[in-house]
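Being a predicted model, the structure only gives us computed values, none of them experimental.
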Amino acid sequence: MGERLPPHTFRVTRADLVRYAGASGDFNPIHWSDRVATKVGLPGVIAHGMYTMALAGQAVLAWAGDPAAVVEYGVRFTKPVVVPDDDEGTEVTVTAVVKGFTEQGHARLDITATCGGDKVLGQARAIVRHRAG
C-alpha cells in the first residue's frame, strides 16, 4: 500500500482534438474555435473531458498490463485542459498511488491528472486486479 506508480505524460495538440471529435462525434466549437471558447468564458480551446479521461485510462491500462484487469474506473472533471493553437500543444501527466486492496485482493488506485500544474480530474479512482510477482 502506498506504492507510487510510474507517471505517464501525454502530449495533447489541436490535431488530437480534431481526431477525437471525428471519432466521438463531439464537434462542439469550444474544442476547436478560440473565438467561441473565449466567448463562452473559457481561457481558450479545451480538450474534450472524455478525451482527458481516456488519457488517464490509458495510464491505468499500462499499469494494469491487461485491459481485462481493470475492474472499475471513474473520474470527475475539475478543470479544463486548455490546448494552445501551436504544434507543441500541452501535456497531461497522470500519476497514481495504491491506496489499498479490496476484499478480493484488487488494488485501489487514486489517480492524479495534471496539466500546467493544475489538477484536471478529481476523485479519479480505479480498481485493478493485482498482478502477482
Side-chain angles (χ1 to χ4, degrees):
M1 191 161 66
E3 175 188 359
R4 293 192 177 282
L5 302 175
H8 288 266
T9 300
F10 302 92
R11 181 155 303 281
V12 181
T13 66
R14 295 274 179 103
D16 295 320
L17 302 185
V18 169
R19 285 189 283 276
Y20 186 81
S24 69
D26 181 352
F27 296 101
N28 188 321
I30 64 171
H31 302 302
W32 55 267
S33 170
D34 281 303
R35 180 180 50 80
V36 172
T38 56
K39 187 176 181 181
V40 299
L42 295 167
V45 165
I46 63 169
H48 304 73
M50 294 301 286
Y51 181 72
T52 305
M53 182 180 181
L55 295 177
Q58 269 188 275
V60 171
L61 289 176
W63 293 319
D66 176 9
V70 180
V71 175
E72 190 176 307
Y73 173 59
V75 307
R76 294 203 182 205
F77 305 109
T78 57
K79 195 159 191 165
V81 172
V82 179
V83 182
D85 189 11
D86 60 21
D87 293 335
E88 296 300 312
T90 193
E91 288 185 341
V92 174
T93 300
V94 182
T95 59
V97 175
V98 176
K99 284 301 206 179
F101 296 91
T102 67
E103 290 178 10
Q104 297 81 17
H106 303 329
R108 284 194 312 263
L109 305 180
D110 277 3
I111 303 159
T112 302
T114 59
C115 180
D118 293 324
K119 193 173 173 182
V120 296
L121 296 177
Q123 297 180 18
R125 298 184 181 110
I127 296 179
V128 177
R129 282 188 193 91
H130 190 59
R131 291 188 288 189

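Among all heavy-atom pairs drawn from Cys115 and Val81, the shortest one is SG-CG1, 3.9 Å. The two residues Val120 and Pro80 come nearest to each other via the heavy atoms CG1-O, 4.2 Å. Of all non-hydrogen atoms in Ala124 and Val75, the two that sit nearest each other are CB-CG1, 3.7 Å. For the pair Ala62 and His8, the tightest heavy-atom approach, listed with the atom from each and the gap, is CB-CE1, 3.5 Å. In terms of heavy atoms, Gly89 sits closest to Pro84 at O-CG, 3.3 Å.
Hydrophobic cluster membership is shared by Tyr20 and Val12, with clusters built from Ile, Leu, Val, Met, Phe, Trp and Tyr side chains linked at under 4.5 angstrom. Both Leu109 and Leu61 are assigned to one and the same hydrophobic cluster, defined by single-linkage of ILVMFWY side chains at heavy-atom distances under 4.5 Å. Residues Val70 and Met53 share a single hydrophobic cluster, defined by chaining ILVMFWY side chains whose heavy atoms lie under 4.5 Å apart.
In this structure, the separation between CG on Leu42 and CD1 on Ile30 is 5.5 Å, given to the nearest 0.5 Å. Once rounded to the nearest 0.5 Å, the distance linking NZ of Lys119 with OG1 of Thr78 reads 7.0 Å. In this structure, Leu55 CG and Met50 CE are separated by 11.5 Å, a value rounded to the nearest 0.5 Å. Between the CZ atom in Arg4 and the OG1 atom in Thr112 there is a gap of 8.5 Å [rounded to 0.5 Å]. In this structure, OH on Tyr51 lies 9.0 Å from CZ on Phe10, to the nearest 0.5 angstrom.
Within the 3.5 Å criterion, the main-chain N or O of Val36 finds a donor-acceptor partner in the side chain of Ser33. Using a distance-only test at 3.5 Å, with no hydrogens or angles considered, a donor-acceptor pair links the side chain of Thr38 to the main chain of Arg35. Side chain of Trp63 to backbone of Ala96: no donor-acceptor contact under 3.5 angstrom is found. Formation of a donor-acceptor pair under 3.5 Å by the Trp32 side chain with backbone atoms of Leu17 is not found in this model. When atom types are taken as modelled, the side chain of His48 and the backbone of Asp26 share a donor-acceptor pair closer than 3.5 angstrom.
Looking only at side-chain heavy atoms (C-beta outward), Val94 and Ile111 come within less than 4.5 Å of each other. At least one side-chain heavy atom of Ile46 sits under 4.5 Å from a side-chain heavy atom of His31. When side chains are defined from C-beta on, Val60 counts as touching Val128, because their heavy atoms get closer than 4.5 Å.
With sequence neighbours left out, Arg19 forms a salt bridge (Lys or Arg N to Asp or Glu O under 4.0 Å) with Asp16. Taking Gln123 as the reference, Arg76 meet the side chain to side chain donor-acceptor pair (under 3.5 Å) condition, with sequence neighbours excluded. In this structure, the side chain to side chain donor-acceptor pair (under 3.5 Å) partners of Asp34, at least two apart in sequence or on a different chain, are Arg14. Residues satisfying the salt bridge (Lys or Arg N to Asp or Glu O under 4.0 Å) criterion with Asp118, sequence neighbours excluded, are Lys79.
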Using the side chain to side chain contact (heavy atoms under 4.5 Å, CB included) rule, take Val71 and Arg129 through it: C-alpha gap first, then chi angles, then the decisive distance, then the call.
CA-CA 7 Å; Val71 175; Arg129 282 188 193 91; 4.0 Å; yes
Run the side chain to side chain contact (heavy atoms under 4.5 Å, CB included) test on Leu121 and Thr52 for me, step by step, so that the C-alpha distance in whole Å, both residues' side-chain angles and the decisive distance to 0.1 Å come before the verdict.
CA-CA 8 Å; Leu121 296 177; Thr52 305; 4.1 Å; yes
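Each ring-ring contact (aromatic ring centres under 6.0 Å, His included) pair with one or both residues in residues 66-103, not counting sequence neighbours, appears once here: Phe101-His130. Residue pairs meeting the side-chain hydrogen bond (donor to acceptor under 3.5 Å, both in side chains) criterion with at least one member in residues 82-106, sequence neighbours excluded: Thr9-Thr93, Arg11-Glu91, Thr102-Gln104.
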